[in-house]
Amino acid sequence: MFNINSPLARYLRYSLWACLYLVLLTPLLVGGRFVFPFISLKVFYFRFIIELALFIYLLLLIFCRWYRPRFHKLTIAILVFGLIVLLTGLTGVNPYRSFWSTIERGEGSLTISHLIIYCFLLSQTLRSRRQWLSYFSASVFISVLVGLYALAQEHIQISWI
């Protein structure tokens, strides 16, 4: 076990924060080589970054006690929601589609499970008000970039495809 200020714990913590901030870039991605250019790349990127962040978080759990999960009412409610989505997907008309969905929609139990892991990682990683405000500020900045891109599309011929 390492303490929270050990070099390994610090490296893993910063790597986890980097992954969580990289998730915010998802709306800016457009994959022109995919059949569904505005969905496919976003879904694949989001899933990959969340899986990488979960791996880093699990390493932090092994090496540092400070990162052990703390369950609040909201965290428990989100986990219960995930369990309900999984159960309804398994008992639905087409469990295969419920789990995998279709790539033009990018949803299904798999993506919803990634969203639940994302919420869990945020709640366990960002613990101070300053960290949350910094994360929300980065989110607003990305939102402004998306809005500017939309305005530019309205007035200028822009295509990333």
Rounded distance (nearest 0.5 Å) linking atom CD1 of I50 with atom OG1 of T26: 8.0 Å
L121 reachable from V80 in the ILVMFWY side-chain graph, under 4.5 Å edges: yes
Shared hydrophobic cluster for Y135 and L74 (ILVMFWY, side-chain gaps under 4.5 Å): yes
Heavy-atom pair with the smallest gap, counting every atom of P27 and V146: CB-CG2, 3.8 Å
Nearest non-hydrogen partners of A138 and L24, listed with the distance: CB-CD1, 3.7 Å
Working for side-chain contact (heavy atoms from CB on, under 4.5 Å), residues W66 and R127: CA-CA 11 Å; W66 194 79; R127 294 194 174 166; 3.8 Å; yes
Check against side-chain contact (heavy atoms from CB on, under 4.5 Å), I76 and K73: CA-CA 5 Å; I76 293 170; K73 290 178 185 176; 5.9 Å; no
Linked, directly or transitively: I84 and L115 (ILVMFWY side chains, under 4.5 Å): yes
Separation between CD1 of I78 and SG of C119, rounded to the nearest 0.5 Å: 4.5 Å
Aromatic ring pairing F136/W132, orientation class (parallel under 30°, perpendicular over 60°, tilted between): tilted
hydrophobic_cluster_shared for I62 and Y67, side chain cutoff 4.5 Å: yes
Hydrophobic cluster of L83, others only, ordered by chain and residue number, side-chain cut-off 4.5 Å: L87
From CA spacing to verdict: side-chain contact (heavy atoms from CB on, under 4.5 Å), F120, L54: CA-CA 10 Å; F120 178 78; L54 180 63; 5.7 Å; no
Qualifying side chain to side chain donor-acceptor pair (under 3.5 Å) pairs with a residue from residues 48-61, counting only residues at least two apart or across chains: E51-H114
Rounded distance [0.5 Å steps], CZ in F44 versus CD1 in I39: 11.0 Å
Side-chain (Q124) to main-chain (R70) donor-acceptor, under 3.5 angstrom: yes
Separation between OG1 of T125 and CD of Q131, rounded to the nearest 0.5 Å: 8.5 Å
R47 side chain near L110 side chain, heavy-atom distance below 4.5 Å: yes
Whether K42 side chain and L29 backbone form a donor-acceptor pair below 3.5 Å: yes
Side chain to side chain contact (heavy atoms under 4.5 Å, CB included) involving L145 - partner list, sequence neighbours excluded: L28, F141, I142
Least distance between heavy atoms, F81 atom then I116 atom: CD2-CD1, 4.2 Å
Point-to-point distance, once rounded to the nearest 0.5 Å, from CG of L126 to CG of L20: 6.0 Å
L133 and R130, any side-chain heavy atoms less than 4.5 Å apart: no
From CA spacing to verdict: side-chain contact (heavy atoms from CB on, under 4.5 Å), Y118, I49: CA-CA 10 Å; Y118 178 53; I49 295 295; over 6 Å; no
Qualifying residues under side chain to side chain contact (heavy atoms under 4.5 Å, CB included), relative to I56, sequence neighbours excluded: L12, S15, L16, C19, L52
side-chain hydrogen bond (donor to acceptor under 3.5 Å, both in side chains) against Y21, all qualifying residues, sequence neighbours excluded: S134
Non-neighbouring partners of Y45 that pass side-chain hydrogen bond (donor to acceptor under 3.5 Å, both in side chains), sequence neighbours left out: none
Rounded distance [0.5 Å steps], CZ in R13 versus CG in L8: 10.5 Å
